[in-house]
Amino acid sequence: MDLSRFPRRRYTLGATPLEFLPNFTKALSPHGGGPNIWIKRDDMLGLSPGGNKTRKLEFLVADALAQGADTLITCGAPQSNHCRITLAAAVKEGLKCRFVIEERVAGSFSETASGNHFMFRLLGVEALTVVPAGSNMAAAMQTVADELAAQGRKGYVIPGGGSNALGGLGYVACAQELQQQFFEQGVQIDRVVVGSGSSGTHGGLVAGFVGNNIHIPIVGIGVSRDPADQEPLVYKEAQAVFDLLGLKMTVPREAVLSVGGYWQPKYSVPNAKMVEAVQMLARTEAILLDPVYTGKIMAGLIGLRRQDFFKAGENVLFLHTGGLPSLHAYEREVLGQIEVAS
Ligand SMILES: *Cc1c(COP(=O)(O)O)cnc(C)c1O
């Protein structure tokens, strides 16, 4: 798959590490018979603290610059990593940045919140509009773009999570980076576990694996939807990536697999399995997960191990997609000092 004809800005020096997790592997299967767990450190991407949105924005921001935009407009939840990383990219490029924040959990937006919200203010977001859950986000962002146009400015609208076909190219690039690392490090990975939300990461990775003949199954852990709702989104994203690349290929439906049950009671609301996962990785490998995404995604990996989903001795790669700042917005929950849902 040739990505070189798409303009790209680079926000990370080199590849993110691919590492074995010996202590976590042992803690997961104290009596043996379990999988070996590896990690791809996409929490170490640029636009610090970076994450999966960094890869998508390399292509999206390059497109915004090519179109002569002076302002990035995007949307997300009150603790959105995507909004914060988009703002960081804007700062680096000398662009302005505006958000539409969807208050998905009523009353959850606070002007004085820490975590990502604190960083919105520190990095200097130009304006931020808060709308209620279920609002038409595309329309709300278009309103912002129209306001800018009336002032002679030019906004570039980036969809939630940066998940359109162009953003998905970031995870095709990640698939190619992984293929090179498997080769150079002599690692045979048998399965990949990835988070599945707005679907650019999961869908882009599926497109990158299928398109590059990487025959490793991917399992997505839903962070806001169960499979009946999530898999069609991921499938659509993967196919949109193929179409953008001009590949006359269809994504096989069976390449898209997701698992539900770990995100409840609600997107972004803590649960006990997340707390266990965050504590376990911190205390075995000193790697920090976040409560909204990667904690629930790792809880999914732990749950699949306990259901004997993985074969003994197989090499399972966990894709760490970042999210560190929101850990600070849920410190007491993660320490077990505030009760969370079961
Ligand atoms: C956005 C996000 C995800 C989900 O990725 P999508 O591409 O939206 O599916 C996972 N982890 C973290 C830390 C994120 O910020």
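Counting starts at 1 for both ligands and their atoms, in listed order.
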To check your reading of the model: name the closest protein heavy atom to atom 10 (C) of ligand 1, its residue, and the distance in Å. Thr321 OG1, 3.2 Å
Quiz item: cation-pi between Arg191 and Phe310, 6.0 Å / 45°: no
Can the positive tip of Lys53 be found less than 6.0 Å from the middle of the six-membered ring of Phe59, inside 45° of the ring normal? no
Taking the six-membered ring for Trp, are His117 and Phe109 closer than 6.0 Å centroid to centroid? yes
Any atoms of ligand 1 less than 4.0 Å from a non-hydrogen atom of [X]? List them with their elements.
| X | answer |
| --- | --- |
| Thr201 | 5 (O), 6 (P), 7 (O) |
| Gly200 | 7 (O) |
| Asn81 | 13 (C), 14 (C), 15 (O) |
| Lys56 | 6 (P), 7 (O), 8 (O) |
| Gly323 | 13 (C) |

Taking heavy atoms and a distance under 4.0 Å, where does [X] meet ligand 1: side chain, backbone, both or neither?
| X | result |
| --- | --- |
| Ser199 | backbone |
| His82 | neither |
| Lys53 | side chain |
| Val292 | neither |

Between Ile158 and Leu57, is the side chain to side chain contact (heavy atoms under 4.5 Å, CB included) condition met? List the steps. CA-CA 9 Å; Ile158 296 175; Leu57 287 162; 3.8 Å; yes
Ligand 1 and [X], any nitrogen or oxygen pair closer than 3.5 angstrom?
| X | value |
| --- | --- |
| Gly197 | yes |
| Tyr293 | no |
| Ser198 | yes |

Using the salt bridge (charged side-chain N to carboxylate O under 4.0 Å, His left out) rule, take Arg153 and Glu147 through it: C-alpha gap first, then chi angles, then the decisive distance, then the call. CA-CA 9 Å; Arg153 288 172 53 179; Glu147 281 165 16; over 6 Å; no
Are any side-chain N or O atoms of Lys154 and backbone N or O atoms of Gln67, one a donor and one an acceptor, separated by less than 3.5 Å? yes
Joint hydrophobic cluster, Leu317 plus Ile216, side-chain heavy atoms closer than 4.5 Å: yes
Say whether Asn52 and ligand 1 are in contact under the criterion: heavy-atom distance to a ligand atom below 4.0 Å. yes
Any Gly161 heavy atom less than 4.0 Å from ligand 1: no
Is the ring pair Trp38/Phe20 parallel, tilted or perpendicular, if the boundaries are 30 and 60 degrees? tilted
Just checking, any donor-acceptor pair under 3.5 angstrom between side chains of Gln264 and Asp226? yes
Run the side chain to side chain donor-acceptor pair (under 3.5 Å) check on Asp42 and Asn52 step by step: do they pass? CA-CA 6 Å; Asp42 269 12; Asn52 59 345; over 6 Å; no
